[in-house]
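Heads up: the structure comes next, in structure tokens.
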Amino acid sequence: MAKSSEASRRVITLPDPAAQAQAAAQRVVTRIAANSGRVAICLSGGSSPKQLFELLATDGYRSRIPWERVHWFTGDERFVPADDHRNNMRMARQAFLDKCAPAANVHPILTDTPTPAEAARRYEDELKSFYGANGFDPARPLFDLVMLGVGPDGHTASLFPGYPAVEETRRWVTEVPEAHVEPFVPRVTLTLPALASCREMMFEASGSGKRAILARVFAGEDLPASRARSEGETVWLLDQAALPENFRA
Ligand code: 6PG
């Protein structure tokens with residue numbers, strides 16, 4: 001395992017996606033163990049976290065998670081029905097939440113509202129009520145852990161480059177009427193300030209298809225995935241194939 005630091009961002013390279021998922025699962029368990037109270041975890045969408053999610057449902061990890069006191073949120077959602085195969089929370093439910101987590105601890109972005117804007121408002125209300133305040137206190141982050149992925153254009157969650165949602169400073173959750181990449185459905189996304197309010201932000205990216213965008217992110221280009229930083233620790237878990245040539249670990 002190779003490690004490197006660049007400002008407040010740490011990059012950890014693992015040999016392959018299986019080792020990456022193990023390292024990610026270990027971080028989830030460690031992060032939960034560090035908080036003896038109510039824990040809040042924000043899941044990422046896309047396909048990258050699937051192996052990690054499935055691992056959390058296996059005996060070795062399942063038995064180490066105090067499910068009763070862990071709450072699961074999502075960083076973004078595609079505005080499709082809850083049972084649509086493109087729905088992010090559906091994948092997380094199928095991979096581990098339905099098997100392991102009490103139903104009351106699963107907090108999806110509801111997409112049965114008339115508009116994505118309404119879904120965003122409701123999720124913001126839900127987050128504020130869970131947090132118990134309307135503004136972030138840096139001493140008391142909203143999430144213990146935020147998981148994220150990166151898209152080919154440098155988006156993260158559903159924060160696409162150049163979109164107004166990236167500049168949002170007041171809202172915790174906002175609607176994105178049109179996606180920049182597939183699936184081309186409206187999105188609902190947490191904003192950068194809401195994602196930043198965490199003890200740890202953990203990105204996962206694997207495969208050679210991620211190399212080009214990671215080179216741009218690590219070169220410091222102004223992209224949503226570069227701007228997404230935790231107020232605490234920001235960690236990127238990559239497999240060897242994803243490691244860009246311009247980045248020396
Ligand atoms: C989504 C996401 C998105 C995703 C990246 C990476 O809803 O699509 O939350 O930000 O994490 O596009 O996707 P992959 O993991 O599928 O490469």
Side-chain angles (χ1 to χ4, degrees), residues 14 16-18 20-21 23-24 41-55 72-97 107-111 116 119-120 123 143 145-163 165-166 168 173-192 194-196 198 201-217 223-230 234-239 241-244:
L14 287 309
D16 53 45
Q20 183 187 13
I41 296 188
C42 184
L43 303 172
S44 73
S47 55
S48 300
K50 188 158 189 264
Q51 237 180 313
L52 159 65
F53 291 173
E54 287 170 350
L55 209 48
W72 307 89
F73 295 85
T74 185
D76 75 319
E77 190 54 271
R78 291 96 177 256
F79 198 67
V80 294
D83 60 357
D84 186 293
H85 71 279
R86 296 166 297 181
N87 188 283
N88 282 333
M89 196 52 118
R90 174 181 186 261
M91 193 276 270
R93 281 187 183 285
Q94 287 188 339
F96 79 112
L97 291 174
H107 304 264
I109 293 175
L110 296 177
T111 51
Y123 207 53
F143 298 115
L145 178 66
V146 168
M147 302 176 189
L148 288 172
V150 58
D153 56 350
H155 78 260
T156 192
S158 283
L159 297 166
F160 300 103
Y163 277 39
V166 183
E168 182 59 54
V173 186
T174 189
E175 70 279 13
V176 178
E178 250 179 85
H180 192 234
V181 297
E182 281 188 342
F184 293 104
V185 293
R187 313 287 188 99
V188 176
T189 187
L190 267 64
T191 59
L192 288 174
L195 293 169
C198 63
M201 182 179 282
M202 178 179 78
F203 281 86
E204 274 197 281
S206 62
S208 57
K210 297 285 183 187
R211 226 184 269 163
I213 191 58
L214 289 173
R216 292 171 60 194
V217 169
L223 294 165
S226 321
R227 283 168 65 174
R229 298 280 178 122
S230 168
T234 304
V235 181
W236 284 72
L237 296 188
L238 309 183
D239 78 337
L243 195 68

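Ligands are counted one by one from 1 in listed order, and the atoms in each one are counted from 1 as well. The structure presented is a predicted model; accordingly, all values stated were derived computationally and were not measured. Computed over heavy atoms, backbone and side chain alike; hydrogens, waters and symmetry mates excluded.
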Exercise. Please could you name the atoms of ligand 1 that S47 approaches to less than 4.0 Å, counting only its heavy atoms?
Key: 14 (P), 15 (O), 16 (O)
Quiz item: Which atoms of ligand 1 have any heavy atom of G149 under 4.0 Å away?
Solution: 11 (O)
Quiz item: Would you say A157 has any N or O atom under 3.5 Å from an N or O of ligand 1, going by distance alone?
Solution: yes
Quiz item: When rounded to the nearest 0.5 angstrom, what is the spacing between CZ in R86 and CD in E182?
Solution: 10.0 Å
Exercise. Could you list which atoms of ligand 1 come closer than 4.0 Å to a heavy atom of K210?
Key: 6 (C), 14 (P), 17 (O)
Practice problem: Considering the heavy atoms of G45, write down every atom of ligand 1 situated less than 4.0 Å from one of them. | Solution: 2 (C), 9 (O), 11 (O)
Quiz prompt | Interfacing atoms of ligand 1 (cut-off 4.0 Å, heavy-atom, H155) | solution = 3 (C), 5 (C), 10 (O), 12 (O)
Quiz prompt | Positive for side-chain contact (heavy atoms from CB on, under 4.5 Å) with L190, one of D76, T74, V173 | solution = V173
Self-check item: Numbered atoms and elements of ligand 1 in range of R187, under 4.0 angstrom, heavy atoms
Solution: 1 (C), 7 (O), 8 (O)
Quiz item: Which ligand 1 atoms, with their elements, are less than 4.0 angstrom from a heavy-atom of S48?
Solution: 14 (P), 15 (O), 17 (O)
Quiz item: If you measure from atom 2 (C) of ligand 1 to every heavy atom of T156, D76, I213, L159, which option wins on shortest distance?
Solution: D76
Exercise. Using a 4.0 Å heavy-atom cut-off, say whether V181 meets ligand 1 through its side chain, its backbone, both or neither.
Key: neither
Quiz prompt | Interfacing atoms of ligand 1 (cut-off 4.0 Å, heavy-atom, N88) | solution = 1 (C), 7 (O)
